[in-house]
Amino acid sequence: MKRTRVVEALDAKMIGEKIKLCGWVRTRRDSKGGFSFFELNDGSSMKSVQVLAPAELSNYESELLKASIGSSIEVHGEVVESPGKGQATEVKATEIRVLGYADPATFPLQKKGTSFEYLRTIAHLRPRTNTFGAVARVRNEICKSIHNFFQSRGFIYVHSPIITASDCEGAGQMFHVTTLDLLKIPTKNGEGAQEVDYEQDFFGKATSLTVSGQLEAEVYATALSDVYTFGPTFRAENSNTSRHLAEFWMVEPEMAFCDLEGNMDCAEAFLKTIFTDVMNNCAEDMAFFNERIDKTVLETLTGIVNSKFERLSYTEAVDVLKKSGATFEFPVEWGIDLQSEHERYLTEQVYKKPVILYDYPKDIKAFYMRMNEDGKTVRAMDVLVPKVGEIIGGSQREERLEKLEQRMIDCGLPPEEYWWYLDLRRFGTVPHAGFGLGLERTVQFVTGMGNIRDVIPFPRVPKSAEF
Ligand code: ATP
Ligand code: MN
(Lines give C-alpha, C1' and ligand atoms only; values in the text may rest on other atoms or scores of the structure.)
(Ligands and ions follow the chains in the order given, each with its own letter.)
Protein backbone atom coordinates (compact mmCIF):
# COMPACT_ATOMS: atom_id res chain seq x y z
CA MET A 1 0.00 0.00 0.00
CA LYS A 2 1.29 3.45 -0.93
CA ARG A 3 2.19 5.71 1.97
CA THR A 4 0.03 8.78 2.47
CA ARG A 5 1.77 11.86 3.82
CA VAL A 6 0.57 13.49 7.01
CA VAL A 7 -0.14 16.74 5.16
CA GLU A 8 -2.57 14.85 2.90
CA ALA A 9 -4.22 12.99 5.78
CA LEU A 10 -5.02 16.36 7.41
CA ASP A 11 -7.21 17.31 4.44
CA ALA A 12 -10.98 16.86 4.90
CA LYS A 13 -11.14 15.51 1.32
CA MET A 14 -9.58 12.31 2.67
CA ILE A 15 -12.42 11.48 5.07
CA GLY A 16 -13.54 7.90 4.46
CA GLU A 17 -10.24 6.82 2.82
CA LYS A 18 -8.27 3.83 4.06
CA ILE A 19 -4.61 4.81 4.25
CA LYS A 20 -1.12 3.90 5.42
CA LEU A 21 0.84 6.58 7.34
CA CYS A 22 4.40 6.54 8.62
CA GLY A 23 6.18 8.96 10.89
CA TRP A 24 7.57 9.83 14.29
CA VAL A 25 5.54 10.13 17.46
CA ARG A 26 5.41 13.67 18.82
CA THR A 27 3.21 12.77 21.80
CA ARG A 28 1.14 9.90 23.07
CA ARG A 29 -1.84 10.40 25.38
CA ASP A 30 -3.49 7.41 27.05
CA SER A 31 -7.14 7.97 27.89
CA LYS A 32 -8.97 6.39 30.76
CA GLY A 33 -11.46 5.04 28.25
CA GLY A 34 -8.90 2.44 27.17
CA PHE A 35 -7.37 3.90 24.02
CA SER A 36 -4.48 6.16 23.10
CA PHE A 37 -3.87 9.15 20.86
CA PHE A 38 -0.63 9.52 18.93
CA GLU A 39 0.38 12.84 17.40
CA LEU A 40 2.23 11.69 14.29
CA ASN A 41 4.57 13.87 12.24
CA ASP A 42 6.49 13.02 9.07
CA GLY A 43 7.87 16.48 8.25
CA SER A 44 5.42 17.05 5.40
CA SER A 45 3.78 19.81 7.43
CA MET A 46 4.07 21.69 10.68
CA LYS A 47 0.89 20.03 11.95
CA SER A 48 0.86 16.46 13.15
CA VAL A 49 -2.10 14.19 12.55
CA GLN A 50 -3.91 12.62 15.45
CA VAL A 51 -4.03 8.82 15.36
CA LEU A 52 -6.57 7.02 17.50
CA ALA A 53 -5.26 3.66 18.73
CA PRO A 54 -8.06 1.51 20.21
CA ALA A 55 -7.15 -0.85 23.06
CA GLU A 56 -8.43 -3.75 20.95
CA LEU A 57 -5.30 -3.62 18.75
CA SER A 58 -3.47 -6.88 19.42
CA ASN A 59 -0.16 -5.21 20.33
CA TYR A 60 -1.74 -2.33 22.28
CA GLU A 61 -0.41 -3.30 25.73
CA SER A 62 2.74 -5.06 24.62
CA GLU A 63 4.08 -2.51 22.13
CA LEU A 64 2.02 0.63 21.59
CA LEU A 65 2.12 1.70 25.22
CA LYS A 66 5.91 1.68 24.91
CA ALA A 67 5.99 3.83 21.78
CA SER A 68 6.81 7.20 23.29
CA ILE A 69 8.01 10.51 21.84
CA GLY A 70 10.58 9.99 19.08
CA SER A 71 9.48 6.44 18.19
CA SER A 72 8.70 5.63 14.58
CA ILE A 73 5.45 3.87 13.68
CA GLU A 74 3.49 2.66 10.66
CA VAL A 75 -0.27 3.14 10.89
CA HIS A 76 -3.03 1.51 8.84
CA GLY A 77 -6.48 2.95 9.29
CA GLU A 78 -9.29 5.17 8.12
CA VAL A 79 -9.42 8.94 7.92
CA VAL A 80 -12.42 10.14 9.93
CA GLU A 81 -13.85 13.51 10.81
CA SER A 82 -12.22 14.81 13.98
CA PRO A 83 -14.44 15.82 16.86
CA GLY A 84 -11.55 17.89 18.24
CA LYS A 85 -10.97 21.57 17.59
CA GLY A 86 -8.21 22.81 15.27
CA GLN A 87 -8.13 19.80 12.98
CA ALA A 88 -10.50 18.53 10.29
CA THR A 89 -9.48 14.89 10.39
CA GLU A 90 -7.95 12.17 12.48
CA VAL A 91 -6.99 8.59 11.69
CA LYS A 92 -8.70 5.65 13.34
CA ALA A 93 -6.09 2.88 13.36
CA THR A 94 -6.84 -0.74 12.54
CA GLU A 95 -3.20 -1.74 12.81
CA ILE A 96 -0.07 -0.03 14.11
CA ARG A 97 3.45 -1.37 13.78
CA VAL A 98 6.31 0.04 15.80
CA LEU A 99 9.26 0.53 13.45
CA GLY A 100 11.69 1.79 16.08
CA TYR A 101 11.44 2.71 19.74
CA ALA A 102 13.07 5.78 21.30
CA ASP A 103 14.00 5.26 24.91
CA PRO A 104 12.39 8.13 26.89
CA ALA A 105 15.25 7.94 29.39
CA THR A 106 17.82 8.94 26.75
CA PHE A 107 15.93 10.55 23.82
CA PRO A 108 17.16 14.16 23.94
CA LEU A 109 14.06 15.86 22.53
CA GLN A 110 11.48 15.76 25.24
CA LYS A 111 8.32 17.85 25.04
CA LYS A 112 9.61 20.81 27.02
CA GLY A 113 10.98 23.82 25.18
CA THR A 114 14.62 23.33 24.23
CA SER A 115 17.03 26.20 23.53
CA PHE A 116 18.51 26.73 20.06
CA GLU A 117 22.00 26.61 21.61
CA TYR A 118 21.31 23.14 22.98
CA LEU A 119 19.76 22.01 19.70
CA ARG A 120 22.99 22.95 17.88
CA THR A 121 24.72 20.24 19.92
CA ILE A 122 22.22 17.69 18.58
CA ALA A 123 22.04 18.89 14.98
CA HIS A 124 21.28 15.32 13.90
CA LEU A 125 17.98 15.38 15.80
CA ARG A 126 16.93 19.02 15.60
CA PRO A 127 15.11 18.65 12.24
CA ARG A 128 12.52 16.69 14.23
CA THR A 129 11.46 19.84 16.07
CA ASN A 130 8.76 22.21 14.82
CA THR A 131 11.17 25.09 14.33
CA PHE A 132 13.81 23.20 12.37
CA GLY A 133 11.25 21.37 10.28
CA ALA A 134 9.78 24.75 9.36
CA VAL A 135 13.22 26.22 8.60
CA ALA A 136 13.99 23.29 6.29
CA ARG A 137 10.72 23.69 4.39
CA VAL A 138 11.10 27.47 4.04
CA ARG A 139 14.73 27.09 2.93
CA ASN A 140 13.59 24.60 0.30
CA GLU A 141 10.85 26.96 -0.90
CA ILE A 142 13.38 29.80 -1.22
CA CYS A 143 15.66 27.59 -3.35
CA LYS A 144 12.72 26.65 -5.56
CA SER A 145 11.76 30.28 -5.90
CA ILE A 146 15.35 31.25 -6.81
CA HIS A 147 15.46 28.72 -9.64
CA ASN A 148 11.94 29.61 -10.82
CA PHE A 149 12.75 33.31 -10.89
CA PHE A 150 15.79 32.91 -13.12
CA GLN A 151 14.52 30.01 -15.20
CA SER A 152 11.32 31.89 -16.05
CA ARG A 153 13.47 34.80 -17.25
CA GLY A 154 15.67 32.69 -19.51
CA PHE A 155 18.78 32.61 -17.31
CA ILE A 156 21.08 29.58 -17.72
CA TYR A 157 22.14 27.80 -14.53
CA VAL A 158 25.95 27.49 -14.59
CA HIS A 159 28.01 25.38 -12.20
CA SER A 160 31.12 27.19 -11.06
CA PRO A 161 33.98 25.20 -9.52
CA ILE A 162 34.35 24.70 -5.78
CA ILE A 163 38.14 24.36 -5.99
CA THR A 164 39.78 27.41 -7.47
CA ALA A 165 43.15 29.01 -8.01
CA SER A 166 41.83 32.58 -8.06
CA ASP A 167 40.80 34.75 -5.15
CA CYS A 168 37.66 36.53 -6.35
CA GLU A 169 37.31 39.05 -3.58
CA GLY A 170 41.04 39.58 -3.26
CA ALA A 171 40.44 39.40 0.45
CA GLY A 172 42.60 36.40 1.23
CA GLN A 173 40.06 34.80 3.55
CA MET A 174 40.33 31.47 1.80
CA PHE A 175 40.60 27.86 2.88
CA HIS A 176 43.58 26.14 1.30
CA VAL A 177 43.06 22.90 -0.56
CA THR A 178 46.11 20.67 -0.53
CA THR A 179 47.27 17.08 -0.46
CA LEU A 180 50.71 18.05 0.82
CA ASP A 181 51.81 16.35 4.01
CA LEU A 182 51.54 19.11 6.61
CA LEU A 183 54.45 17.63 8.54
CA LYS A 184 56.70 17.58 5.48
CA ILE A 185 55.82 20.62 3.43
CA PRO A 186 58.15 20.95 0.42
CA THR A 187 59.76 24.35 0.15
CA LYS A 188 61.87 26.27 -2.29
CA ASN A 189 63.77 29.50 -1.98
CA GLY A 190 61.82 32.51 -3.15
CA GLU A 191 62.68 36.18 -2.93
CA GLY A 192 64.93 36.01 0.11
CA ALA A 193 62.58 33.68 1.95
CA GLN A 194 61.45 30.12 1.96
CA GLU A 195 58.24 29.42 0.08
CA VAL A 196 55.97 26.41 -0.17
CA ASP A 197 56.69 24.52 -3.37
CA TYR A 198 53.17 24.14 -4.71
CA GLU A 199 54.49 22.52 -7.87
CA GLN A 200 54.59 19.34 -5.81
CA ASP A 201 50.98 19.79 -4.72
CA PHE A 202 48.01 18.01 -6.31
CA PHE A 203 47.16 20.72 -8.83
CA GLY A 204 50.73 21.95 -9.26
CA LYS A 205 49.75 25.33 -7.86
CA ALA A 206 48.16 26.81 -4.75
CA THR A 207 44.40 26.23 -4.65
CA SER A 208 41.54 27.12 -2.32
CA LEU A 209 37.83 26.69 -1.80
CA THR A 210 35.94 29.32 -3.74
CA VAL A 211 34.63 32.49 -2.06
CA SER A 212 32.38 33.29 -5.01
CA GLY A 213 31.48 31.92 -8.43
CA GLN A 214 31.39 35.36 -9.98
CA LEU A 215 34.46 35.31 -12.17
CA GLU A 216 33.36 32.04 -13.75
CA ALA A 217 29.79 33.37 -14.08
CA GLU A 218 31.22 36.32 -16.03
CA VAL A 219 32.80 33.86 -18.45
CA TYR A 220 29.42 32.34 -19.21
CA ALA A 221 27.50 35.63 -19.15
CA THR A 222 29.79 36.96 -21.86
CA ALA A 223 28.67 34.06 -24.06
CA LEU A 224 25.13 33.17 -22.94
CA SER A 225 24.03 36.67 -21.83
CA ASP A 226 22.05 35.84 -18.67
CA VAL A 227 23.33 33.19 -16.28
CA TYR A 228 23.36 32.37 -12.58
CA THR A 229 25.38 30.18 -10.27
CA PHE A 230 24.00 28.74 -7.05
CA GLY A 231 26.21 26.73 -4.76
CA PRO A 232 28.30 26.60 -1.61
CA THR A 233 30.98 29.22 -0.99
CA PHE A 234 33.61 29.33 1.73
CA ARG A 235 35.15 32.13 3.76
CA ALA A 236 37.74 31.65 6.45
CA GLU A 237 36.78 34.91 8.12
CA ASN A 238 37.22 34.47 11.82
CA SER A 239 34.09 36.42 12.66
CA ASN A 240 31.91 34.90 15.31
CA THR A 241 28.76 36.79 14.45
CA SER A 242 25.14 35.77 14.09
CA ARG A 243 25.35 36.57 10.35
CA HIS A 244 28.54 34.82 9.22
CA LEU A 245 29.25 31.20 8.35
CA ALA A 246 32.47 29.67 7.05
CA GLU A 247 30.42 27.70 4.51
CA PHE A 248 27.31 29.28 3.05
CA TRP A 249 25.26 29.14 -0.13
CA MET A 250 25.21 31.97 -2.59
CA VAL A 251 23.18 32.64 -5.71
CA GLU A 252 24.95 34.85 -8.22
CA PRO A 253 23.21 36.10 -11.35
CA GLU A 254 25.41 37.69 -14.00
CA MET A 255 23.91 39.67 -16.86
CA ALA A 256 25.55 40.85 -20.06
CA PHE A 257 24.36 44.14 -21.61
CA CYS A 258 23.27 45.28 -18.16
CA ASP A 259 24.27 48.31 -16.07
CA LEU A 260 23.93 49.07 -12.38
CA GLU A 261 20.31 50.27 -12.71
CA GLY A 262 19.34 47.02 -14.41
CA ASN A 263 21.17 45.15 -11.68
CA MET A 264 19.25 46.96 -8.94
CA ASP A 265 15.94 46.36 -10.72
CA CYS A 266 16.73 42.66 -10.96
CA ALA A 267 17.74 42.42 -7.29
CA GLU A 268 14.58 44.18 -6.14
CA ALA A 269 12.24 42.05 -8.27
CA PHE A 270 14.13 38.94 -7.19
CA LEU A 271 13.73 39.56 -3.44
CA LYS A 272 10.06 40.47 -3.85
CA THR A 273 9.42 37.24 -5.76
CA ILE A 274 11.12 35.13 -3.08
CA PHE A 275 9.16 36.78 -0.26
CA THR A 276 5.86 36.43 -2.14
CA ASP A 277 6.48 32.75 -2.91
CA VAL A 278 7.33 31.94 0.69
CA MET A 279 4.24 33.70 2.03
CA ASN A 280 2.01 31.97 -0.54
CA ASN A 281 3.48 28.47 -0.35
CA CYS A 282 4.63 28.20 3.28
CA ALA A 283 1.72 29.95 4.97
CA GLU A 284 1.57 27.57 7.92
CA ASP A 285 5.30 27.68 8.63
CA MET A 286 5.34 31.44 8.26
CA ALA A 287 2.42 31.78 10.71
CA PHE A 288 4.52 29.76 13.16
CA PHE A 289 7.57 32.01 12.75
CA ASN A 290 5.39 35.08 13.09
CA GLU A 291 3.92 33.78 16.33
CA ARG A 292 6.92 32.13 17.97
CA ILE A 293 10.08 33.71 16.60
CA ASP A 294 9.42 37.27 15.49
CA LYS A 295 5.99 38.88 15.60
CA THR A 296 6.89 41.30 12.82
CA VAL A 297 8.07 39.01 10.01
CA LEU A 298 4.82 38.77 8.06
CA GLU A 299 4.10 42.47 8.34
CA THR A 300 7.67 43.27 7.27
CA LEU A 301 7.60 40.94 4.26
CA THR A 302 4.18 42.16 3.13
CA GLY A 303 5.37 45.76 3.47
CA ILE A 304 8.46 45.04 1.38
CA VAL A 305 6.58 43.29 -1.39
CA ASN A 306 4.32 46.33 -1.71
CA SER A 307 6.92 49.08 -1.46
CA LYS A 308 9.67 50.46 -3.62
CA PHE A 309 13.15 50.01 -2.23
CA GLU A 310 14.93 53.22 -1.26
CA ARG A 311 17.95 53.88 -3.46
CA LEU A 312 20.69 56.29 -2.51
CA SER A 313 24.39 56.66 -3.05
CA TYR A 314 26.95 55.79 -0.42
CA THR A 315 27.87 59.48 -0.22
CA GLU A 316 24.24 60.45 0.46
CA ALA A 317 23.97 57.68 3.06
CA VAL A 318 27.04 58.97 4.89
CA ASP A 319 25.44 62.45 4.96
CA VAL A 320 22.19 61.04 6.31
CA LEU A 321 24.03 59.14 9.03
CA LYS A 322 26.17 62.10 10.02
CA LYS A 323 23.19 64.46 10.18
CA SER A 324 21.07 61.93 12.09
CA GLY A 325 22.53 62.88 15.47
CA ALA A 326 22.65 59.19 16.39
CA THR A 327 25.74 57.91 18.19
CA PHE A 328 27.45 54.86 16.73
CA GLU A 329 30.15 52.63 18.10
CA PHE A 330 32.05 53.20 14.84
CA PRO A 331 31.96 56.91 13.89
CA VAL A 332 30.85 57.66 10.33
CA GLU A 333 33.26 59.24 7.89
CA TRP A 334 33.25 59.18 4.11
CA GLY A 335 35.43 56.24 3.10
CA ILE A 336 34.62 53.82 5.93
CA ASP A 337 33.11 50.43 5.28
CA LEU A 338 29.63 50.79 6.75
CA GLN A 339 29.09 48.59 9.79
CA SER A 340 26.02 46.58 10.57
CA GLU A 341 24.89 49.29 13.04
CA HIS A 342 24.93 51.90 10.26
CA GLU A 343 23.16 49.63 7.79
CA ARG A 344 20.50 48.79 10.31
CA TYR A 345 20.02 52.42 11.28
CA LEU A 346 19.29 53.29 7.65
CA THR A 347 16.81 50.46 7.07
CA GLU A 348 15.19 50.33 10.50
CA GLN A 349 15.16 53.96 11.68
CA VAL A 350 15.37 56.20 8.65
CA TYR A 351 13.62 54.46 5.75
CA LYS A 352 11.88 51.51 7.42
CA LYS A 353 12.29 49.38 4.31
CA PRO A 354 15.05 47.84 2.21
CA VAL A 355 17.68 50.28 1.04
CA ILE A 356 19.97 49.93 -1.96
CA LEU A 357 23.23 51.82 -1.53
CA TYR A 358 25.39 52.37 -4.60
CA ASP A 359 28.60 54.07 -5.77
CA TYR A 360 30.90 53.05 -2.94
CA PRO A 361 34.47 54.31 -2.40
CA LYS A 362 36.77 52.17 -4.53
CA ASP A 363 39.12 51.43 -1.64
CA ILE A 364 36.57 49.34 0.24
CA LYS A 365 35.37 47.36 -2.77
CA ALA A 366 36.73 44.61 -5.01
CA PHE A 367 38.97 45.16 -8.03
CA TYR A 368 36.43 44.14 -10.68
CA MET A 369 33.87 46.90 -10.02
CA ARG A 370 33.43 49.55 -12.69
CA MET A 371 35.20 52.84 -11.95
CA ASN A 372 33.07 56.00 -11.97
CA GLU A 373 34.07 59.24 -13.71
CA ASP A 374 35.04 60.76 -10.35
CA GLY A 375 37.92 58.25 -10.02
CA LYS A 376 36.98 57.74 -6.37
CA THR A 377 33.89 55.57 -6.42
CA VAL A 378 32.87 52.36 -8.15
CA ARG A 379 29.56 51.08 -9.44
CA ALA A 380 28.89 48.82 -6.47
CA MET A 381 25.56 48.23 -4.82
CA ASP A 382 24.52 46.60 -1.55
CA VAL A 383 20.94 45.76 -0.66
CA LEU A 384 20.31 46.27 3.04
CA VAL A 385 17.32 44.96 4.96
CA PRO A 386 16.14 45.54 8.52
CA LYS A 387 17.75 43.34 11.23
CA VAL A 388 20.01 41.39 8.89
CA GLY A 389 21.78 44.33 7.24
CA GLU A 390 23.53 43.42 3.99
CA ILE A 391 21.71 40.66 2.14
CA ILE A 392 22.97 41.31 -1.40
CA GLY A 393 26.27 42.64 -2.68
CA GLY A 394 26.79 43.38 -6.36
CA SER A 395 28.19 45.69 -9.00
CA GLN A 396 28.51 46.64 -12.61
CA ARG A 397 31.79 45.06 -13.70
CA GLU A 398 34.74 46.91 -15.19
CA GLU A 399 34.58 46.00 -18.88
CA ARG A 400 37.44 48.32 -20.03
CA LEU A 401 40.69 46.38 -20.28
CA GLU A 402 43.15 49.13 -19.36
CA LYS A 403 41.13 50.32 -16.37
CA LEU A 404 40.73 46.79 -15.08
CA GLU A 405 44.44 46.02 -15.43
CA GLN A 406 45.32 49.22 -13.62
CA ARG A 407 42.93 48.43 -10.79
CA MET A 408 44.41 44.96 -10.40
CA ILE A 409 47.90 46.36 -10.15
CA ASP A 410 46.71 48.96 -7.61
CA CYS A 411 45.13 46.17 -5.57
CA GLY A 412 48.31 44.10 -5.68
CA LEU A 413 46.87 41.38 -7.91
CA PRO A 414 49.09 40.01 -10.69
CA PRO A 415 47.18 40.51 -14.00
CA GLU A 416 49.02 37.53 -15.59
CA GLU A 417 47.22 35.16 -13.23
CA TYR A 418 43.89 36.51 -14.36
CA TRP A 419 44.73 36.29 -18.06
CA TRP A 420 41.54 34.42 -18.89
CA TYR A 421 39.43 36.95 -16.98
CA LEU A 422 41.12 39.79 -18.86
CA ASP A 423 40.54 37.98 -22.17
CA LEU A 424 36.82 38.60 -21.65
CA ARG A 425 37.71 42.31 -22.04
CA ARG A 426 40.10 41.67 -24.92
CA PHE A 427 37.63 39.83 -27.07
CA GLY A 428 34.19 41.34 -27.54
CA THR A 429 33.86 43.05 -24.19
CA VAL A 430 30.39 44.19 -23.10
CA PRO A 431 28.91 46.07 -20.17
CA HIS A 432 27.76 43.54 -17.61
CA ALA A 433 26.63 43.36 -14.01
CA GLY A 434 25.60 40.93 -11.33
CA PHE A 435 25.17 40.35 -7.63
CA GLY A 436 25.38 37.74 -4.90
CA LEU A 437 22.57 36.88 -2.52
CA GLY A 438 23.45 34.92 0.59
CA LEU A 439 20.93 32.11 0.94
CA GLU A 440 21.24 31.84 4.72
CA ARG A 441 20.85 35.58 5.26
CA THR A 442 17.67 35.32 3.19
CA VAL A 443 16.33 32.42 5.25
CA GLN A 444 17.22 34.37 8.39
CA PHE A 445 15.41 37.45 7.19
CA VAL A 446 12.31 35.58 6.06
CA THR A 447 11.95 33.46 9.21
CA GLY A 448 13.14 36.00 11.77
CA MET A 449 15.60 33.43 13.15
CA GLY A 450 18.22 35.32 15.14
CA ASN A 451 21.28 33.19 14.46
CA ILE A 452 22.51 32.13 11.03
CA ARG A 453 23.65 28.81 12.54
CA ASP A 454 20.03 27.84 12.88
CA VAL A 455 19.05 28.25 9.23
CA ILE A 456 21.57 25.86 7.66
CA PRO A 457 21.42 22.14 8.46
CA PHE A 458 25.04 21.74 9.53
CA PRO A 459 26.70 25.09 10.32
CA ARG A 460 30.44 25.53 9.80
CA VAL A 461 31.89 28.25 12.03
CA PRO A 462 35.23 28.84 13.76
CA LYS A 463 36.10 25.91 16.03
CA SER A 464 33.05 23.91 15.03
CA ALA A 465 32.53 21.43 12.21
CA GLU A 466 30.62 18.76 14.11
CA PHE A 467 28.20 16.50 12.20
P1 ATP B 1 29.56 41.17 5.10
O2 ATP B 1 30.07 42.56 5.00
O3 ATP B 1 28.21 41.06 5.74
O4 ATP B 1 30.56 40.21 5.65
P5 ATP B 1 30.39 40.79 2.38
O6 ATP B 1 30.53 42.19 1.95
O7 ATP B 1 31.60 40.03 2.75
O8 ATP B 1 29.31 40.69 3.58
P9 ATP B 1 29.80 39.80 -0.29
O10 ATP B 1 31.22 39.42 -0.52
O11 ATP B 1 29.26 40.94 -1.03
O12 ATP B 1 29.54 39.98 1.28
O13 ATP B 1 28.89 38.49 -0.51
C14 ATP B 1 27.58 38.53 -1.05
C15 ATP B 1 26.54 38.06 -0.07
O16 ATP B 1 26.90 36.83 0.55
C17 ATP B 1 26.34 38.98 1.12
O18 ATP B 1 25.48 40.03 0.78
C19 ATP B 1 25.73 38.07 2.15
O20 ATP B 1 24.33 37.89 1.90
C21 ATP B 1 26.41 36.77 1.88
N22 ATP B 1 27.55 36.51 2.78
C23 ATP B 1 28.78 37.05 2.74
N24 ATP B 1 29.60 36.54 3.67
C25 ATP B 1 28.85 35.62 4.36
C26 ATP B 1 29.12 34.73 5.44
N27 ATP B 1 30.32 34.66 6.00
N28 ATP B 1 28.12 33.92 5.86
C29 ATP B 1 26.90 33.97 5.28
N30 ATP B 1 26.58 34.78 4.25
C31 ATP B 1 27.53 35.60 3.79
MN1 MN C 1 32.31 39.49 4.73
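Start at 1 and go down the list; that is how both ligands and their atoms are numbered.
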Checklist entry - Does Phe248, backbone or side chain, put an N or O under 3.5 Å from an N or O of ligand 1? => result no

Checklist entry - What class does the angle between the rings of Tyr360 and Tyr314 fall in, given that below 30° is parallel, 30 to 60° is tilted and above 60° is perpendicular? => result tilted

Next on the checklist: Using a strict threshold of under 4.0 Å (side-chain N to carboxylate O), is an ion pair present between Asp42 and Arg5?
Outcome noted: no

Item to check | Residue Ile392 vicinity, atoms of ligand 1 by number, heavy atom under 4.0 Å | outcome: 18 (O)

Checklist entry - Any salt bridge between Arg139 and Asp285, counting N to O under 4.0 Å? => result no

Next on the checklist: My understanding is that only residues two or more places apart in sequence, or in another chain, count here; which of them pass side-chain hydrogen bond (donor to acceptor under 3.5 Å, both in side chains) with Thr179?
Outcome noted: Asp201

Next on the checklist: Please find the pair of heavy atoms, one from Ile69 and one from Leu109, that lie closest to each other, and give the distance.
Outcome noted: CD1-O, 3.4 Å

Item to check | Test side-chain hydrogen bond (donor to acceptor under 3.5 Å, both in side chains) applied to Asn451 - qualifying residues, sequence neighbours left out | outcome: none

Checklist entry - When the ring planes of Phe328 and Tyr345 are compared, do they come out parallel, tilted or perpendicular, using 30° and 60° as the limits? => result perpendicular

Checklist entry - Using heavy atoms and a threshold below 4.0 Å, how should the contact between Ile452 and ligand 1 be classified: side chain, backbone, both, or neither? => result side chain

Checklist entry - Which bit of His244 is near ligand 1, meaning a heavy atom under 4.0 Å away: side chain, backbone, both or neither? => result both

Checklist entry - Any idea which atoms of ligand 1 are less than 4.0 Å away from a heavy-atom of Gly436? => result 14 (C), 15 (C)

Checklist entry - Do Ile391 and ligand 1 have an N or O pair less than 3.5 Å apart? => result yes

Item to check | Minimal non-hydrogen separation, Pro232 against Ile162, with atom names | outcome: CG-CD1, 3.7 Å

Checklist entry - Hey, is ligand 1 close enough to Gly438 that some N/O pair sits below 3.5 Å? => result yes

Checklist entry - Touching ligand 1 at all, Glu390? Heavy atoms, strictly under 4.0 Å? => result yes

Item to check | Contact atoms of ligand 1, heavy-atom distance to Arg243 under 4.0 Å | outcome: 3 (O), 28 (N), 29 (C)

Checklist outcome for this item: Gly393 heavy atoms within 4.0 Å reach ligand 1 at atoms 11 (O), 18 (O)

Next on the checklist: Tell me the nearest of Arg235, Gln173, Met250 to atom 9 (P) of ligand 1, using heavy-atom distances.
Outcome noted: Arg235

Checklist entry - Among the heavy atoms of Val383, does any lie under 4.0 Å from an atom of ligand 1? => result no

Item to check | Shortest heavy-atom approach to atom 27 (N) of ligand 1 - which of Lys365, Glu237, Gln339, Glu252 | outcome: Glu237

Checklist outcome for this item: Nearest heavy-atom contact between Phe289 and Thr447 is CB-O, 3.4 Å

